[in-house]
Amino acid sequence: MIFGTSCASKKIIDAPTSFQGECLQGLSFEESREEFEIEELKAEKPWMDKLDDKSIDMAIALNLVDELESYLNGELSETKKLDLKMHILSRVMRMDLEINALMSAIDCEEEKAEQLATFLDRSLRKRERNLTVAAIVIGATVGVSQGVSVAANDEVGDWLDYFGILGGLTEVILGITILRMENNVDIEHPKNVLRDVYEGDSRPSYFPPSVWYYFNSERNNEENVSLKNQLIKRWEAYNLNYSGMSVMLDDGGIYTSDLLKIRSEMLDQVESQIALINKDLLHFLTRIESY
């Protein structure tokens, strides 16, 4: 009886609205990785000594190696140099827009996960409150009945004891049910940002090529560890060691409130890691404007 009640306390509901919905709609980039490999070969030139590794890697991501060679060699007229600088600035602005568009899409999923977790918590608290009230009423009814019977010197024999035992067992069952109570939700996320970052070697269509290249590059920091791998190491240390985490890297499944909160936290970490590229973009622009 207790077992059946405890199992029934785990309730699975469908998400009230589409989980992904509009978040990743409209983000699709079809350019290939090969163009960055070509740019990497072009980057091995003496004039690149004027730039640090971070700026060179950003030039590769922006596909601006040839343009920078012309810009930095000092042989252009002021007019042509200004035109070339405007071209470089337009590439930088485009990448900045791509970064912000991607961050907005990830933030959308993050907020939805947090909102759904709050919905589950609120629904669970309502069920807990109802059962708690029921347990209090049952306990009070049993206590009052026994008290009245004793005060009236009723001779009800063993029935009063049986009634007290039944009331006590009911309170125990309700208490265990409250402790084991859990609301779960079934959601789908076929475009899984966490999986694409953790397992993906090829670029997802919604990831801008320049951003994906820089996110995976190991040459833009002193540790020679890519932004992606830095993030994955933190996930493996702090996030992916909990039970039930396999759903995070699947097309969807059953989520508890805690799992939704962890998903929201991991999406926030992806967003923050991508935002660091803007810092390096500013560094690149500052270096270029100094010439």
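Everything quoted here is computed from the prediction, not taken from an experiment.
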When you compare the side chain of [Y] with that of [X], does any pair of heavy atoms fall below 4.5 Å?
X      : Y      : answer
Leu89  : Leu285 : yes
Pro204 : Trp212 : yes
Phe207 : Leu27  : no
Asp83  : Thr79  : yes
Glu236 : Ile232 : yes
Leu120 : Thr256 : no
Trp235 : Val270 : yes

Pi-cation contact, Tyr71 with Lys81 (under 6.0 Å, within 45°):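 Yes, a cation-pi geometry.
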Would you compute the distance between atom [atom1] of [X] and atom [atom2] of [Y] and round it to the nearest 0.5 angstrom?
X      : Y      : atom1 : atom2 : answer
Asn184 : Ile254 : CG    : CD1   : 6.5 Å
Leu102 : Tyr206 : CG    : OH    : 8.0 Å
Glu289 : Ile88  : CD    : CD1   : 10.0 Å
Met103 : Leu267 : CE    : CG    : 13.0 Å
Ile60  : Ser217 : CD1   : OG    : 7.0 Å
Lys54  : Asp280 : NZ    : CG    : 4.0 Å

With Met266, which of Glu110, Met245, Arg234 fulfils side chain to side chain contact (heavy atoms under 4.5 Å, CB included)?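 Passing option: Met245.
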Single hit among Val197, Val211, Asn100 for side chain to side chain contact (heavy atoms under 4.5 Å, CB included) with Ile274: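 Testing each of Val197, Val211, Asn100 against Ile274, the sole residue satisfying side chain to side chain contact (heavy atoms under 4.5 Å, CB included) is Val211.
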Checking side-chain polar atoms at under 3.5 Å, does [X] have a donor or acceptor matched by the opposite partner on [Y]?
X      : Y      : answer
Ser104 : Asp107 : no
Tyr238 : Gln269 : no
Glu265 : Asn239 : yes
Lys228 : Asn216 : yes

Do any N or O atoms from the side chain of [X] and from the backbone of [Y] form a donor-acceptor pair under 3.5 angstrom?
X      : Y      : result
Arg195 : Met248 : no
Asp258 : Ile262 : no
Glu199 : Leu249 : no
Asn220 : Asp53  : no
Ser272 : Asp268 : yes
Glu271 : Ile106 : no

Please tell me whether Leu97 and Met86 are part of a single hydrophobic cluster in this structure, the criterion being side-chain heavy atoms less than 4.5 Å apart.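 Not linked; separate clusters.
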Working for side-chain contact (heavy atoms from CB on, under 4.5 Å), residues Val247 and Leu259: CA-CA 9 Å; Val247 69; Leu259 285 176; 4.2 Å; yes
Minimum heavy-atom separation for [X] to [Y], with atom names?
X      : Y      : result
Phe29  : Pro209 : CB-CD, 3.5 Å
Ala117 : Lys261 : CB-CG, 3.8 Å
Ser264 : Ala113 : CB-CB, 4.0 Å
Phe284 : Ser55  : CD1-O, 3.5 Å
Asn63  : Arg91  : O-NH1, 2.9 Å
Ala61  : Met95  : CB-CE, 4.4 Å

Residues [X] and [Y] bridged, charged N to O under 4.0 Å:
X      : Y      : result
Lys112 : Glu22  : yes
Asp251 : Lys191 : no
Arg219 : Asp57  : yes

Please walk me through it: do Leu281 and Met58 pass side-chain contact (heavy atoms from CB on, under 4.5 Å)? CA-CA 7 Å; Leu281 199 59; Met58 185 60 74; 3.5 Å; yes
If the plane angle is over 60° it's perpendicular, under 30° parallel, otherwise tilted; pick one for His189 and Tyr255.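 Geometry flag for Tyr255 against His189: perpendicular rings.
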